[in-house]
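Shown next, in C-alpha cells, is the structure this report addresses.
Everything numeric here is computed off the predicted structure, so don't read it as measured data.
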Amino acid sequence: MTSQEEPAGFATMPAVAATTVVISGAGSGIGRAAARLLAAEGHSVVAVGRRGEALAETASAAPERIRSCRVDVVDAGALATALADATTGLPPVGYCIAAAAQYARGHFLDMRPETFSAMIRANVEGVANLLRLILPGMIERRFGRIVVVGSLADMNPIPGAAGYSASKGALHALVRGIAGEIDPTRHPNVLINELSPGATRTAMSDRGKEPQDVFPDIRRLLHLPEGGPTGRFYLENREIRLGESWKQALRRRIGL
C-alpha cells in the first residue's frame, strides 16, 4: 500500500541562474518537452538519446541552446566520452533529468531473454550510468537537482508488462539508495527525487496529458530549496510514501 500527501507547503526556491541541464530520453516525449522548455528559460541543454534525427528535431526548437548527444546510456564508456564532449565549454551541470526508458510489451514467457535484458539495462543501468557521471560534479560544487522519471507500474503490474514493471520498481530503490548516500549535512543542496508523471502521451502510451504538461511538476522538483526533500517519490505534484499504509501515515503525522 501507499499513502499520499498533498503538496501543502511544497516550498520552492527562485529559479537559479542559467545552468547546464543534461536530459536523457530527449529525442521524444517528456525528455524533448523538458529540453525545449528549459532552453526557453535560458538554460544550456544537453539532449541525450540514441536517435540522431530525433535529437536534431528536439534541438531545432533552440539550436543555440540545445546540444545533441547521440549515445546509448547503457554503454557507460561511450556515455562518459560523449557527455564530456557535449558539455565542453558549457556552465557546470546543475540539473539532470533521467527520462530515457524502454517499454517492450510482451508476456514474460513469450519474451526473448535478450529483449527482457535490454529493457532492464536501459531502464535501470542506463539511469545509474548517467547519474554516476553527473553526481560527482554536483557534490563537488555543492549544488544539483536530479529528477528521475519513474512510474508506479510495479505496484500493480499488468499482463504483458512484467519486465517494465520490474525495472520501474528497481528505480525506487536506486533513487532512495543514492539519496541516502549523499550526506545531508555536508550537501543539503544536492537533491535527487523520482517523479511519476501520470498518464502521458508518449511513444509508450496514446492516452493522457501532453508531454509539455508534465513540465510544471519537473520544474517544481528542480526548484526545491536547499535542504528540501530528497530520495522521495512524487506522483505528479503529490508525494507518495511507497509501502506506507494509511494507518502508518496517520501515526507519522500525529507523531506516534
Side-chain angles (χ1 to χ4, degrees), residues 18-104 114-138 144-150 164 167-168 171 174 192 195 197 200-205 210-212 214-215 218 222:
T19 187
T20 296
V21 188
V22 173
I23 304 176
S24 67
S28 64
I30 293 169
R32 170 179 284 175
R36 290 176 166 178
L37 290 165
L38 284 163
E41 292 184 353
H43 299 289
S44 299
V45 176
V46 176
V48 179
R50 295 181 298 164
R51 298 175 293 132
E53 290 184 2
L55 292 175
E57 176 64 23
T58 297
S60 68
E64 73 286 358
R65 293 198 179 277
I66 303 177
R67 291 187 182 182
S68 297
C69 180
R70 184 172 178 267
V71 67
D72 188 344
V73 292
V74 171
D75 189 332
L79 178 62
T81 299
L83 206 54
D85 290 343
T87 55
T88 298
L90 296 179
V93 177
Y95 296 156
C96 177
I97 302 168
Q102 292 184 22
Y103 185 5
E114 54 268 33
T115 301
F116 185 92
S117 177
M119 181 166 50
I120 296 293
R121 292 193 68 196
N123 295 356
V124 182
E125 191 174 337
V127 174
N129 288 342
L130 180 64
L131 301 191
R132 191 179 292 113
L133 295 172
I134 297 296
L135 265 171
M138 290 181 168
R145 300 289 184 273
I146 296 173
V147 177
V148 175
V149 178
Y164 178 79
S167 72
K168 289 304 179 178
L171 283 184
L174 182 66
I192 173 173
L195 171 69
T200 307
R201 293 180 182 272
T202 66
M204 299 182 189
S205 174
E210 295 300 324
Q212 61 267 26
V214 176
F215 185 64
I218 292 176
L222 295 177

note = Nearest heavy-atom contact between Leu83 and Thr87 is O-OG1, 2.8 Å
ask   = If only atom types and distance count, is the side chain of Thr81 paired as donor or acceptor with the main-chain N or O of Ala78 below 3.5 Å?
value = no
task = Kindly give the heavy-atom pair with the smallest separation between Gly25 and Ala100, and that separation in Å.
result = N-CB, 3.5 Å
key: Nearest heavy atoms of Lys168 and Ala101, plus distance in Å   = NZ-CB, 3.9 Å
query = With sequence neighbours excluded, what pairs up with Thr58 under the side chain to side chain donor-acceptor pair (under 3.5 Å) test?
reply = Arg32
key: Sequence-distant partners of Ala76, side-chain contact (heavy atoms from CB on, under 4.5 Å), two or more places apart   = Asn129
query = Taking only residues two or more places apart in sequence or in another chain, which ones pass side-chain contact (heavy atoms from CB on, under 4.5 Å) with Leu174?
reply = Val127, Ala128, Leu171, Ile178
remark   = Residues passing the ring pair (Phe, Tyr, Trp, His ring centres under 6.0 Å) test with Phe116, sequence neighbours excluded, are Phe108
ask   = Can you name the residues that form a side-chain contact (heavy atoms from CB on, under 4.5 Å) with Ser68, not counting sequence neighbours?
value = Leu55, Ala59
task = Could I get the full list of side-chain contact (heavy atoms from CB on, under 4.5 Å) partners for Thr20, not counting sequence neighbours?
result = Ser44, Val46, Leu90, Pro91, Val93
key: Between CD1 on residue Ile146 and CD1 on residue Ile134, distance to nearest 0.5 Å   = 7.5 Å
task = Taking Arg70 for its side chain and Arg50 for its backbone only, find out whether a donor-acceptor pair lies under 3.5 Å.
result = yes
query = How close do Met119 and Gln102 get, heavy atom to heavy atom, and via which atoms?
reply = CG-O, 3.5 Å
request  = Apply the test side chain to side chain contact (heavy atoms under 4.5 Å, CB included) to residues Ile97 and Ile30: give CA-CA distance (whole Å), side-chain angles for both, the deciding distance (0.1 Å), then the verdict.
outcome  = CA-CA 10 Å; Ile97 302 168; Ile30 293 169; 5.8 Å; no
request  = State, to 0.1 Å, how close Ala47 and Ile66 come at their nearest heavy-atom pair, and which atoms those are.
outcome  = CB-CG2, 3.9 Å
request  = Provide the full list of salt bridge (charged side-chain N to carboxylate O under 4.0 Å, His left out) pairs with a residue in residues 51-68, sequence neighbours left out, each pair given once.
outcome  = Arg36-Glu57
request  = With side chain to side chain contact (heavy atoms under 4.5 Å, CB included) as the test, would you mind laying out the steps for Val21 and Leu222 before giving the verdict?
outcome  = CA-CA 10 Å; Val21 188; Leu222 295 177; 5.7 Å; no
remark   = Here the gap from Ile23 atom CD1 to Ile218 atom CD1, rounded to the nearest 0.5 Å, amounts to 7.5 Å
remark   = For Phe215 and Glu41 the tightest heavy-atom approach is CE2-OE2, 3.6 Å
task = Among Val71, Leu130, Leu79, find the residue that satisfies the side-chain contact (heavy atoms from CB on, under 4.5 Å) test when tested with Ser24.
result = Leu130
ask   = Mind checking what makes side chain to side chain donor-acceptor pair (under 3.5 Å) contact with Arg121, not counting sequence neighbours?
value = Glu125
